[in-house]
Amino acid sequence: REQATNFSNMSGSVGNSKLYGVNGTISKDGGITAKGKYSVSLRDIPSFLSVGDLQFTDGTTDGSLEVSGKEGAGYRVSGAGKLKEADVRWKKASVSASGSYRFVDDEIIFEPLIISKGNTNITIKGKWKKRSLGLLIKGSLDTEHLMPFIKIPFDTSGLMGLDMDLRLDD
């Protein structure tokens, strides 16, 4: 008969972020299964994940997650959440973002992610992981928001319509 240790209603926090309502089982052989909920202040993310040039200036994400696996064999982490009132800066651009997502290990599926700033409003659906990207991008981009990234030898103004399928593999 296999023995296991059950745990329930566990919680933890980092900065202004919390993991709560965590329930699960640790088996005698070291296997673990757990489910819980999270509320993460985006400002806390760099303390536990590498985000490169991204800077989170405001916002939260709330959701649920599941973890299963065993040391040596690896762990699977999956879940879903909603991004709310996110203010994100990348290089010279800052935008607001909101939307739904799912994740499995190192893959994130946007369902969709809405990016906005001024007259710019872009909807992004698709998958992102460390070595590949597959996104459908639709919406309107204010040409003013392009200026920090590309040099155009003439004055521009107005909105540029976007409807693209972006695929990248490393």
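These values consider heavy atoms only, across backbone and side chains, with no hydrogens, waters or symmetry-generated copies.
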Residue set satisfying side-chain hydrogen bond (donor to acceptor under 3.5 Å, both in side chains) with Thr143, at least two apart, ordered chain then number -> none

Which salt bridge (charged side-chain N to carboxylate O under 4.0 Å, His left out) pairs, counting each pair once, include a residue from residues 39-54, with sequence neighbours left out? none

Residues which pass side-chain hydrogen bond (donor to acceptor under 3.5 Å, both in side chains) with Tyr38, listed by chain and number, not counting sequence neighbours: Tyr101

Non-neighbouring partners of Thr120 that pass side-chain hydrogen bond (donor to acceptor under 3.5 Å, both in side chains), sequence neighbours left out: His145

Going by salt bridge (charged side-chain N to carboxylate O under 4.0 Å, His left out), name the residues that satisfy it together with Asp165, two or more places apart in sequence or in a different chain. Arg167

Looking at residues at least two apart in the chain, or sitting in another chain, which of them share a side-chain contact (heavy atoms from CB on, under 4.5 Å) with Ser96? Asp87, Ser116

Applying side-chain contact (heavy atoms from CB on, under 4.5 Å) to Asn119 and not counting sequence neighbours gives Asp142, Leu159

The criterion is salt bridge (charged side-chain N to carboxylate O under 4.0 Å, His left out); which residues satisfy it with Lys37, sequence neighbours excluded? none

Residues two or more places apart in sequence or in another chain: which of them pass side-chain hydrogen bond (donor to acceptor under 3.5 Å, both in side chains) with Asn9? none

Per the side-chain hydrogen bond (donor to acceptor under 3.5 Å, both in side chains) rule, what does the pair list look like for residues 127-136, sequence neighbours excluded? Arg131-Asp170

Filter on salt bridge (charged side-chain N to carboxylate O under 4.0 Å, His left out), then keep only pairs touching residues 71-85, sequence neighbours left out; what's left? Asp62-Lys84

State, to 0.1 Å, how close Thr123 and Pro112 come at their nearest heavy-atom pair, and which atoms those are. CG2-CB, 3.6 Å

Which residue pairs pass the salt bridge (charged side-chain N to carboxylate O under 4.0 Å, His left out) test when at least one of the two sits in residues 108-117, sequence neighbours left out? Arg102-Glu111

Ignoring hydrogens, what is the shortest heavy-atom contact between Phe7 and Ala34? Give both atom names and the distance. CZ-CB, 3.9 Å

In terms of heavy-atom contacts, does CE of Met160 have more than 12 from other residues, nucleotides or ligands at under 6.0 Å? yes

